[in-house]
Enquirer: 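One structure follows; several queries about it will come next.
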Amino acid sequence: MMYWKTKLGDCSLFRGLGTNVSNLLSTATQMTWSNFLSQHQRTFIQMRTVLKVVDNSGAKKVMCIQPLKGRKGARLGDTIIASVKEAAPNGKVKKGAVVRGVVVRAAMQRGRCDGSEVKFDDNAVVIIDKQGQPVGSRVFGPVPHELRKKKHVKILALAEHIA
């Protein structure tokens with residue numbers, strides 16, 4: 001499936017087989033390239049990543065300041081330090097506060113031990129206190145069961161749906 005363009009025109013290994021095969025290969029190459037790009041746009045949750053807050057603590061959006069444990073970035077179940085960027089006026093957490101959070105949804109794929117992979121449409125976090133207990137009393141949306149391995153059982157208990 002080699003296809004490339006030159007200054008003289010299109011070149012293909014299947015030139016003698018007609019234009020249908022050449023067009024089909026061109027489309028397949030473009031689709032493969034777009035899939036490659038879309039897979040590599042999803043990265044770790046790193047510094048300055050904006051995340052959605054999915055509990056009722058009062059915060060709406062937070063920006064990651066630093067992933068804990070000194071890693072390059074955070075994945076599902078990891079703890080981060082974040083700054084609140086948007087908050088409800090009468091919530092427990094105010095705008096500008098520095099908080100800790102557990103990543104409960106990440107757009108980056110994560111492989112499971114049974115061979116399946118899990119990824120979400122957005123990056124989401126649940127705000128916790130210093131002891132690791134959630135600040136809010138409810139967690140909205142799906143939460144992966146990998147949080148059990150990371151000792152965040154209280155978040156799983158508050159969740160509506162465990163994925």
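Since this is a predicted model, take the numbers as computed values, not measurements. Basis for what follows: all heavy atoms, side chains included, without hydrogens, waters or symmetry-related copies.
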Enquirer: Listing request: all salt bridge (Lys or Arg N to Asp or Glu O under 4.0 Å) pairs with a residue in residues 84-93, at least two apart in sequence or in separate chains.
Expert: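 For residues 84-93: none.
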Enquirer: Only counting residues at least two apart or in another chain, list the ones meeting side chain to side chain contact (heavy atoms under 4.5 Å, CB included) with Q66.
Expert: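 Here no residue qualifies.
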Enquirer: Evaluate the side-chain proximity of T49 to F44: yes if any heavy-atom separation is below 4.5 Å, no if none is.
Expert: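 No, side chains not in contact.
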Enquirer: Taking only residues two or more places apart in sequence or in another chain, which ones pass side-chain hydrogen bond (donor to acceptor under 3.5 Å, both in side chains) with K150?
Expert: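 D78.
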Enquirer: Using the rule given for side-chain contact (heavy atoms from CB on, under 4.5 Å), can you reason through V98 versus I81, listing the C-alpha separation, both sets of side-chain angles and the distance that settles it, and then say yes or no?
Expert: CA-CA 7 Å; V98 177; I81 297 176; 3.7 Å; yes
Enquirer: Just verifying a value: how many Å separate L147 CG and I155 CD1, rounded to the nearest 0.5 Å?
Expert: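 Spacing of CG (L147) from CD1 (I155) equals 6.0 Å.
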Enquirer: Side chains of L51 and C64: closer than 4.5 Å at any heavy-atom pair?
Expert: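 The answer is yes; the side chains approach within 4.5 Å.
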Enquirer: Using modelled atom types and a 3.5 Å cut-off, is there a donor and acceptor pairing between side-chain atoms of K94 and backbone atoms of G91?
Expert: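 Yes: the side chain of K94 pairs with the backbone of G91.
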Enquirer: Would you be so kind as to tabulate the donor-acceptor pairs closer than 3.5 Å made by side chains of residues 56-63, with sequence neighbours excluded?
Expert:
from : atom 1 : to   : atom 2 : distance (Å)
N56  : OD1    : S137 : N      : 2.7
N56  : OD1    : R138 : N      : 3.2
N56  : ND2    : S137 : OG     : 3.1
S57  : OG     : D55  : OD1    : 2.9

Enquirer: With sequence neighbours excluded, give me every salt bridge (Lys or Arg N to Asp or Glu O under 4.0 Å) pair touching residues 99-109.
Expert: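 Only R105-D122 qualify under salt bridge (Lys or Arg N to Asp or Glu O under 4.0 Å).
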Enquirer: Counting only pairs under 3.5 Å, give me each side-chain donor-acceptor contact of residues 125-136, with atom names and distances, residues two or more places apart or in other chains.
Expert:
from : atom 1 : to   : atom 2 : distance (Å)
D129 : OD1    : Q131 : N      : 3.3
D129 : OD1    : G132 : N      : 3.1
D129 : OD1    : Q133 : N      : 2.8

Enquirer: Taking salt bridge (Lys or Arg N to Asp or Glu O under 4.0 Å) as the definition, give me every residue that meets it alongside R75, ordered by chain and number, with sequence neighbours left out.
Expert: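 Here no residue qualifies.
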Enquirer: Kindly write out the residues that satisfy side chain to side chain contact (heavy atoms under 4.5 Å, CB included) with V153, not counting sequence neighbours, or none if the list is empty.
Expert: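 By the side chain to side chain contact (heavy atoms under 4.5 Å, CB included) rule, V153 matches no residue at all.
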Enquirer: D114: what forms a side chain to side chain contact (heavy atoms under 4.5 Å, CB included) with it, not counting sequence neighbours?
Expert: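 Result, side chain to side chain contact (heavy atoms under 4.5 Å, CB included) vs D114: R112, S116.
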